[in-house]
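Remember, it's 1-based here, ligands and their atoms both numbered in the order they're listed. Start at 1 with the first residue, then count along the sequence. Side-chain atoms are counted along with the backbone in the values below, which use heavy atoms only and exclude waters and symmetry mates.
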Amino acid sequence: MEALYTEEERLLRNTVKDFADSELAPLSSQWDQNEEFPWASLEALKRMDLMGMTIPSEYGGAGACYAEMCIASEEIARACMTTSTTHLTHMSLSAAAIQAFGSDEQKQRFLPAMASGDRLGAFALTEPSSGSDASDMQTNAKAVSRDAYLLNGSKIFITNGHEADIMVVFTSHDRKLGSHGTTAFVVEKATKGITTRPMHGKMGIRGSGTAEIVFDGCEVPVANRLGEEGDGFRIAMSIIDSSRISLATQSVGVAQAAFEASVAYVQQRETFGRLLKDRQGLQFILADMATRLDAARLLTRRSAQLKDAGLAHNKESSMAKLYASEAAHFCVDKAVQIFGGYGYFRESLVERLYRDQRITEIYEGTSEVQRIVISRAVLREMAID
Ligand code: COS
């Protein structure tokens, strides 16, 4: 696998890996145990210029391509899933939506502070009654003058929702129009009429912020609308298409962490007078973990390369996200099994990885939604008529 990377990519991996091991990993347990937002980790990412990695250099970012982003993001997730979730929501959802669909004026206004990490982003799509069925939004945007809209409604499970300064918010102006009645806005947290309520008690990625957001007569200028009225769902779906690549890479990162812990453990732990590594049953498990990990990484890299080449990648990013999250599930589950009782306690790394992994099969489209996307694409491509 390493041989498939260029010299620059290997250098990038080594640099981010060393950084993540020394600055992110030591804090990861603290964020988890205290349900504490990872501000110090974000400061470290800012110092490394990673907050705006994929934002073009003209807006203050590093201008990295998706293949490079995958390499860096895998290392961040390997070290700390809480930090990874916070970082990817900011960069691959929120900033990415402004980057792809904002006017030049909007990009100049919002992206530089997001690229530096001085202003954190969120992406508010999910609502209490619309998760997988994302176009069925109830948050209403009503044009009240030529210059402004009033937003009313609520969003739920929004990552960075309480902490973010800038939110990309999806609304409906006419529910009868379904996905064509949706509109996206960039909403600044300081705007009147916004209340955020942190949601506590998650199983994993416990330090990441998750919030409910209520819009109560929140006035947003027309100048903050992304695209035209009616473009909202298309914007959301197209950004999520790319962001699923980031999520796949995050899954590879958490799987890699579980794999490395397992490989180290079987070389130290003895049962019945022999090291675990000498037992074929354990060797077969490691072989399956290694194979699924590489397959997940390759699918992810392919979708990133398609994205970088400007080619369609809707099916391929769903495949990468689906496969990588399920491969990660397999790896963390086997890791806990290999560690036995030691893997079942809070102080064990694999216990946290087991909890942190689970969300990768749920957010940014459940595994079931990925299967819908893939099967629709396959049937379209292979239609007989
Ligand atoms: N890119 C651009 N446009 C897209 C698109 C995409 N990936 N997917 C759909 N669209 C467009 C379609 O072309 C269609 O437009 P027209 O009516 O003009 O033809 C419109 O959006 C509606 O598409 P479709 O009918 O396929 O939408 P569905 O309601 O059937 O929903 C799924 C499709 C389930 C795939 C979608 O709702 C989804 O991905 N849901 C999960 C959302 C999610 O990830 N939520 C988690 C949020 S955490 S950030």
Side-chain angles (χ1 to χ4, degrees), residues 84-98 100-101 121-139 154-161 164 166-172 174-184 199 202 205 208-213 226-248 250-251 303 306-307 310-322 324-325 358-381 383:
S84 165
T85 296
T86 312
H87 174 239
L88 290 177
T89 299
H90 165 79
M91 187 177 72
S92 300
L93 284 171
S94 187
I98 299 171
F101 292 98
F123 189 84
L125 175 66
T126 303
E127 299 194 356
S129 61
S130 65
S132 292
D133 187 5
S135 67
D136 188 31
M137 287 170 235
Q138 296 192 29
T139 296
S154 64
K155 298 286 175 181
I156 199 167
F157 304 135
I158 305 303
T159 302
N160 298 345
I166 294 171
M167 309 169 180
V168 175
V169 179
F170 295 88
T171 65
S172 171
D174 186 348
R175 285 187 72 206
K176 288 196 295 297
L177 296 176
S179 65
H180 293 276
T182 57
T183 307
M199 300 170 74
K202 295 198 295 290
I205 54 163
S208 67
T210 307
E212 187 181 353
I213 306 177
L226 280 184
E228 299 300 323
E229 271 191 13
D231 285 351
F233 188 67
R234 186 177 58 84
I235 292 175
M237 288 300 108
S238 130
I239 292 304
I240 287 178
D241 271 352
S242 304
S243 180
R244 284 176 183 154
I245 304 171
S246 315
L247 258 280
Q250 178 185 63
S251 299
S303 56
L306 287 171
K307 159 90 183 152
L311 297 169
H313 53 89
N314 161 268
K315 178 185 74 179
E316 290 78 6
S317 41
S318 277
M319 284 178 164
K321 201 254 181 197
L322 171 66
S325 59
R358 196 61 183 83
I359 190 65
T360 66
E361 294 165 274
I362 298 170
Y363 60 13
E364 285 189 42
T366 58
S367 295
E368 292 73 18
V369 162
Q370 309 312 326
R371 288 184 166 92
I372 293 174
V373 173
I374 297 163
S375 60
R376 280 185 185 178
V378 166
L379 289 168
R380 223 176 15 246
E381 288 163 9

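Counting heavy atoms under 4.0 Å from ligand 1, residue Ser179 touches it through the side chain alone. Residue contacts with ligand 1 for Lys321 are absent, since no atom lies close enough (heavy atoms, distance under 4.0 Å). Looking at Tyr363 against ligand 1, nothing comes within 4.0 Å, counting heavy atoms.
The protein does not reach atom 19 (O) of ligand 1 closely, with no heavy atom under 4.0 angstrom from it. At least one protein heavy atom sits closer than 4.0 Å to atom 45 (N) of ligand 1. Counting only heavy atoms, the protein never gets under 4.0 Å from atom 32 (C) of ligand 1. Within a 4.0 Å radius of atom 11 (C) of ligand 1, the protein contributes no non-hydrogen atoms. Remark: atom 14 (C) of ligand 1 lies closer than 4.0 Å to no protein heavy atom.
A heavy-atom distance below 4.5 Å is not found between the side chains of Ile235 and Val168. Side chains of Leu88 and Glu364 form no contact here, defined as non-hydrogen atoms less than 4.5 Å apart. Here the side chains of Met199 and Ile156 are in contact, with some heavy-atom distance below 4.5 Å.
Near Thr126, meaning under 4.0 Å from any of its heavy atoms, are these atoms of ligand 1: 47 (C). The atoms of ligand 1 that sit less than 4.0 Å from any heavy atom of Val373 are 35 (C).
Nearest to atom 29 (O) of ligand 1 among the protein's heavy atoms is Ser135 OG, 4.0 Å. The shortest contact between atom 25 (O) of ligand 1 and any protein heavy atom is with Arg376 NH1, 4.4 Å. Protein heavy atom in closest approach to atom 21 (O) of ligand 1: Phe233 CD2, 3.3 Å. If you check which protein heavy atom lies closest to atom 38 (C) of ligand 1, you get Met237 SD, 3.7 Å. Protein heavy atom in closest approach to atom 3 (N) of ligand 1: Arg234 CG, 3.7 Å.
When Ser242, Gly365, Ser238, Ser132 are checked for heavy-atom proximity to atom 40 (N) of ligand 1, Ser132 turns out nearest.
Exactly one of Ile205, Thr210, Thr126 qualifies for a side-chain contact (heavy atoms from CB on, under 4.5 Å) with Tyr363. That residue is Ile205.
For the pair Asn314 and ligand 1, a heavy-atom separation below 4.0 Å is found. Under a 4.0 angstrom heavy-atom cut-off, Gly131 registers as being in contact with ligand 1.
Closest non-hydrogen pair, Glu127 versus Lys155, comes out as OE2-NZ, 2.8 Å.
At a 3.5 angstrom cut-off on N or O pairs, Arg244 counts as close to ligand 1.
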